[in-house]
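Read the structure below first, then the notes.
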Protein chains: 4
Amino acid sequence: MPQLRDVRKIKKKSVAPSAKTPAGTVPGAIRPRDMQRSRAEILRAAVSEFAAAGFEGARVDRIAARAGLNKVLIYRYFGNKEDLYLAVLREVYSLLGEVERDILEHNVRGAELIEQLIDGYFDFLQRREDLVNILLWENLLGTKYLQKLPHEAVGRSTLSTLEELIRDGQTEGVFRADFDPHQLVVSLLVFSFGNFANRHSLSLLFGRDMAGAEWMEKRRAETKRVIFGYILPNKPGVLTDAPDTRSKPGVTTDAPDTRSKPGVTTDAPSASGTPSTPDK
Amino acid sequence: MPQLRDVRKIKKKSVAPSAKTPAGTVPGAIRPRDMQRSRAEILRAAVSEFAAAGFEGARVDRIAARAGLNKVLIYRYFGNKEDLYLAVLREVYSLLGEVERDILEHNVRGAELIEQLIDGYFDFLQRREDLVNILLWENLLGTKYLQKLPHEAVGRSTLSTLEELIRDGQTEGVFRADFDPHQLVVSLLVFSFGNFANRHSLSLLFGRDMAGAEWMEKRRAETKRVIFGYILPNKPGVLTDAPDTRSKPGVTTDAPDTRSKPGVTTDAPSASGTPSTPDK
Amino acid sequence: MPQLRDVRKIKKKSVAPSAKTPAGTVPGAIRPRDMQRSRAEILRAAVSEFAAAGFEGARVDRIAARAGLNKVLIYRYFGNKEDLYLAVLREVYSLLGEVERDILEHNVRGAELIEQLIDGYFDFLQRREDLVNILLWENLLGTKYLQKLPHEAVGRSTLSTLEELIRDGQTEGVFRADFDPHQLVVSLLVFSFGNFANRHSLSLLFGRDMAGAEWMEKRRAETKRVIFGYILPNKPGVLTDAPDTRSKPGVTTDAPDTRSKPGVTTDAPSASGTPSTPDK
Amino acid sequence: MPQLRDVRKIKKKSVAPSAKTPAGTVPGAIRPRDMQRSRAEILRAAVSEFAAAGFEGARVDRIAARAGLNKVLIYRYFGNKEDLYLAVLREVYSLLGEVERDILEHNVRGAELIEQLIDGYFDFLQRREDLVNILLWENLLGTKYLQKLPHEAVGRSTLSTLEELIRDGQTEGVFRADFDPHQLVVSLLVFSFGNFANRHSLSLLFGRDMAGAEWMEKRRAETKRVIFGYILPNKPGVLTDAPDTRSKPGVTTDAPDTRSKPGVTTDAPSASGTPSTPDK
DNA sequence: AATGAATGAGATTTCATTCAT
DNA sequence: TATGAATGAAATCTCATTCAT
């Protein structure tokens with residue numbers, strides 16, 4: 001898990017002179033074929049740094065320090081700060097695309113598809129906090145740099161595929177028919193990412209931790225509940241007061257009911273209709 | 001509406017002396033060398049600049065240029081860049097608080113309260129794009145500066161009041177009982193703000209404008225629909241197949257039906273169940 | 001006594017608008033004939049400021065604030081910072097010259113002359129700490145500015161008069177003959193001023209207050225003792241009990257011994273030969 | 001001998017690359033890119049600059065130029081101007097302490113101890129004019145920065161040792177018993193340093209060079225004479241009219257007489273009792 | 001490949017000085 | 001005269017980038 005904040009004071013690692021030659025190599029010999037590894041190392045470090053400080057705030061020196069490599073290599077391999085940043089952006093968007101690609105590959109459909117998407121987003125958001133931050137920084141810059149990337153590196157065909165699958169679900173009656181699949185896809189993204197875009201500020205506002213894993217699990221559950229409430233058909237008779245099928249997070253229940261539909265974690269309101277212990 | 005991007009190259013205004021009168025004042029009228037006004041002018045300019053470029057990216061010179069005042073005054077009135085930024089943060093949070101305060105003052109309750117909140121948020125988000133950006137920048141810095149403000153300047157008591165009102169609504173049966181008011185409040189914020197946190201990136205992703213007013217109206221409607229689907233009791237019998245009461249945005253229908261509940265703008269799927277022309 | 005240090009944060013006095021018109025004048029009327037007073041006020045303030053911070057460290061703004069007058073006047077009356085500083089130097093040297101002039105006017109001779117000189121110097125040093133500092137600052141600049149003053153403003157004819165008087169004393173046998181009057185004059189200055197040139201540093205070095213009045217009285221006494229031990233003839237047999245020429249300054253010891261010759265304050269070693277309570 | 005004044009206009013050295021070898025090194029010899037040396041070089045340059053201009057007057061650019069190194073290194077190695085100045089102060093006080101330490105190590109006692117001290121101070125003052133100036137600047141600032149140093153870096157234990165040795169001398173009868181050792185130690189410092197604190201101003205006042213080596217030798221002798229007149233026992237019978245044992249400076253006569261006691265340089269008054277040619 | 005250093009630009013901050021009301 | 005503001009220069013400090021060893 002990448003360290004994000006408070007990493008400003010990284011100092012050059014001061015290795016003993018003897019340690020300079022990597023173990024197993026003859027001193028004086030040039031270290032071989034490490035270029036690939038170095039490049040990757042720099043990129044990794046750059047992701048961390050740009051995530052933590054943004055483009056303007058990022059320091060080339062710190063990236064070098066994070067990578068444990070010399071600053072010169074950054075310029076040798078990437079050209080300059082901006083190009084390095086562009087490489088990072090590319091990486092980020094590539095990884096982001098994988099989320100949907102992974103899910104689509106498994107041919108899930110219907111409610112399960114939606115749930116896996118939400119889970120996929122939340123997992124990504126929680127696991128790659130750094131990448132998310134880069135998306136947010138870049139957005140604040142009005143995609144100043146993102147625009148410089150070739151379109152293929154950014155646009156995500158997966159999203160239209162998704163829309164179609166949802167539309168199919170509507171046709172088949174798995175989903176309600178009266179919502180716009182396009183808006184839904186956006187909602188899935190927005191409702192998920194929105195939790196992260198302001199988590200630190202919100203923590204201050206509400207005076208409680210809204211950035212930690214525990215809280216995010218609650219949000220994940222809540223998000224699922226809201227979405228499913230919106231897209232699944234209401235089954236008359238089982239309406240509001242139907243008993244919740246409590247299940248562990250991630251587990252898909254075969255018969256989702258009105259409220260906490262497929263495999264939703266509900267540490268939230270109990271089935272009785274009265275939320276027992278709203279987290280406070 | 002504040003200019004946000006592409007304002008980097010502002011140079012010293014080389015206006016003719018007569019042009020010194022700031023916009024909005026009658027030319028010829030005395031523009032007193034007014035400390036109060038100068039301070040305010042700087043603050044306004046600072047909001048714009050910090051919104052557009054963030055703390056690191058902001059340039060004191062540009063702030064002075066935007067304010068049409070001398071750089072020295074910034075230091076005289078605010079001390080230094082950071083203190084100026086803190087003053088800006090204070091301002092932003094103060095204005096943000098007003099959104100809820102305004103609504104709470106009018107003693108609206110029930111569905112209308114929720115709708116006004118969503119509207120309030122979207123209005124704020126659309127009208128004060130700059131302030132929102134500042135919130136987002138600051139969040140990315142992990143509230144590095146926000147933390148330096150006294151707690152009163154940030155914490156918002158309105159939010160707990162809100163929770164209570166919602167809980168009241170649940171007790172009275174206006175809202176479903178099986179959701180957590182606290183989570184709802186967060187959802188209202190997150191679902192609203194989420195639309196803005198990534199609008200530029202999303203525009204690129206989807207290859208369409210997702211930052212403009214038109215699109216945001218759609219999101220506002222969609223958000224309302226989702227939220228109301230979640231919190232309003234299902235009225236058995238009128239359920240899914242009820243015809244949508246199409247209404248203009250902002251207009252509250254007295255008899256909200258299943259889907260588009262109070263005064264929701266529905267440029268979305270038509271009543272027939274099949275979304276006629278999903279916006280594309 | 002002028003405030004010397006810690007005066008850096010003087011703020012513009014913010015008088016109520018109504019207070020602007022000095023009492024007794026018709027509002028709107030121009031304040032009359034205050035130029036002389038303003039000039040003097042500025043000069044006084046400048047002495048304080050330059051004394052406290054030196055030429056480079058002094059701030060024109062602070063001088064204006066100290067004077068309670070507007071910065072503009074400084075430029076109107078004195079031209080610029082350097083010219084103001086030169087005016088200050090002139091003032092300082094003029095006042096310094098008075099010390100000797102005052103004494104010489106009274107036609108004191110012999111030991112009493114010397115004692116009055118030492119007293120004069122110490123009095124000046126203690127009372128006009130500010131002026132002394134200016135001398136020291138200027139010295140550190142290698143008299144960079146002092147040199148720009150006309151010679152009359154600096155050179156002090158009194159000093160050569162002094163030398164002659166001392167030489168007379170030697171001829172008359174009042175003083176020992178085997179010292180150089182010129183060196184003595186210098187010693188008088190140096191031994192006196194030396195106590196001030198490093199008093200703060202010495203305080204730190206010795207870990208005790210060596211800047212206060214109490215300590216300086218000890219130094220004054222010690223200095224007299226040393227000087228008199230040097231210039232007064234040792235009278236064999238009459239040694240210790242030589243008649244004291246009692247004079248004002250300091251406490252008169254009833255039983256002065258060998259050491260403290262004319263009117264010397266001796267809080268120092270007692271007559272017995274063994275210093276009773278060396279100050280520690 | 002360090003250059004002190006008139007060094008303000010040092011510009012970037014535009015030397016040919018080959019000229020890079022710093023003075024004192026063999027051209028062609030490897031000048032390792034040695035951090036240690038660079039640091040030392042900067043410190044040395046800083047001492048000169050701060051000595052010549054004081055803290056406020058000193059220019060970081062000039063320090064870099066003096067050091068023949070890049071400005072950036074100053075910040076890399078020392079942080080900022082103030083920290084650099086603090087490092088300089090540390091250095092100065094450390095070197096100052098050595099004066100006494102050197103002497104105390106040699107186990108000299110009695111009159112010789114005192115003479116060596118005076119010599120030590122005058123040597124230091126003449127040789128390290130720059131350090132003395134720094135002491136004086138700092139004193140004028142009321143030890144504003146000195147106070148920030150840890151006490152050990154400033155306080156000098158040697159001084160109390162000195163007092164004890166003098167007291168021992170008094171007990172043994174080598175010194176007169178009726179003076180306070182503490183005051184004597186202070187007098188030694190003050191009478192020595194006092195000559196330097198105002199030498200340039202005095203030069204102007206008296207219209208003769210009072211800053212040069214020649215003059216300082218006279219002051220050194222005079223100071224010794226005065227001090228010894230004060231602390232050595234009067235030998236009745238040899239009193240005033242004893243012939244001076246003229247000796248070379250620094251040479252200690254085995255049988256010091258009343259006036260020019262141990263090894264005092266007397267280019268001063270001739271033996272006859274009447275100073276023949278007072279220097280003028 | 002690493003270290004130390006240099007370059008050059010630019011950003012923040014501070015001042016003296018002047019202008020306008 | 002006082003106030004507020006403006007100007008212009010400079011000084012401190014920071015960075016990206018490049019060079020040399």
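Residue numbering restarts at 1 for every chain, and letters A, B, ... go by the order of the sequence lines.
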Fill in the blank from the handout: Comparing Phe55(C) with Ser38(A), nearest DNA chain E nucleotide closer to 5' gives the residue Ser38(A)
Exercise for the section: Starting at atom CZ of Arg62(C), determine the distance to atom P of dC15(E), rounded to an integer number of angstrom. Expected result: 8 Å
Problem - salt bridge (charged side-chain N to carboxylate O under 4.0 Å, His left out) against Arg39(A), all qualifying residues, sequence neighbours excluded - result: none
Practice task
Let me know the distance between CD1 of Ile63(D) and P of dC13(F), rounded to the nearest Å.
Solution key: 10 Å
Practice task
Classify the nucleic acid contact of Ala58(C) as base, sugar-phosphate or nothing, counting any heavy atom under 4.0 Å across all strands shown.
Solution key: sugar-phosphate
Problem - Residues within residues 79-89 of chain D bordering DNA chain F, heavy-atom distance below 4.0 Å - result: Asn80(D), Lys81(D)
Exercise for the section: Please tell me if the side chains of Phe50(B) and Leu84(B) come closer than 4.5 Å, counting only heavy atoms from C-beta onward. Expected result: yes
Problem - Side-chain touch Glu56(C)/Lys81(C), heavy atoms, less than 4.5 angstrom - result: no
Practice task
Using heavy atoms to find the nearest nucleotide of DNA chain F for Val60(A) and Arg76(C) separately, return the residue whose nucleotide is more 5′.
Solution key: Arg76(C)
Fill in the blank from the handout: NZ (Lys144(C)) and CG (Leu89(C)) are apart, to the nearest 0.5 Å, by 12.0 Å
Dump the pairs, protein N or O against N or O of nucleotides 8-10 of chain E, anything under 3.5 Å, distances to one decimal.
none

Handout entry: Shortest non-hydrogen separation from Arg59(D) to Glu49(D) and the atoms involved
Key = N-OE2, 3.0 Å
Exercise for the section: Would you mind reading off the distance between Glu56(D) atom CD and dA16(E) atom C1', rounded to a whole angstrom? Expected result: 14 Å
Exercise for the section: Quickly work out the Glu41(B) CD to dG4(F) C1' distance and round it to whole Å. Expected result: 15 Å
Problem - Distance, rounded to the nearest Å, where Phe50(B) contributes CZ and dT12(E) contributes C1' - result: 12 Å
Fill in the blank from the handout: Every stem of 3 or more Watson-Crick or G-U pairs under 3.5 Å that DNA chain E joins, in order of first number, is E:2-21 with F:2-21
Handout entry: Nucleotide of dT12(E), dA6(E), dT12(F) approaching Asp61(B) most closely (side-chain heavy atoms)
Key = dT12(E)
Handout entry: Residues forming a ring pair (Phe, Tyr, Trp, His ring centres under 6.0 Å) with Tyr75(C), sequence neighbours excluded
Key = none
Practice task
Provide the closest heavy-atom pair for Ala64(B) versus Asn70(B) in the form atom of the first, atom of the second, distance.
Solution key: CB-C, 4.2 Å
Exercise for the section: In whole angstrom, give the distance that lies between atom CG of Leu73(B) and atom C1' of dT18(E). Expected result: 15 Å
Practice task
Check Arg66(D) against Ser48(D) and note the closest heavy-atom contact, atom names and distance.
Solution key: NH1-CB, 3.3 Å
Practice task
Please report, rounded to the nearest Å, how far the C1' atom of dA11(F) is from the CD1 atom of Ile74(D).
Solution key: 13 Å
Handout entry: pair Leu43(C)-Phe78(C): side-chain heavy atoms closer than 4.5 Å
Key = yes
Handout entry: Under 3.5 Å: donor-acceptor pair, side chain of Glu138(C), backbone of Leu146(C)
Key = yes
Practice task
Search all heavy atoms of Asn80(D) against all heavy atoms of Asp83(D) and return the closest pair with its distance.
Solution key: OD1-N, 2.8 Å
Fill in the blank from the handout: Comparing nearest nucleotides in DNA chain E, the 5'-proximal residue of the pair Tyr75(B), Tyr77(A) is Tyr77(A)
Fill in the blank from the handout: Hits for ring pair (Phe, Tyr, Trp, His ring centres under 6.0 Å) against Tyr145(D), two or more places apart or cross-chain, chain-then-number order -> Phe55(D), Tyr85(D)
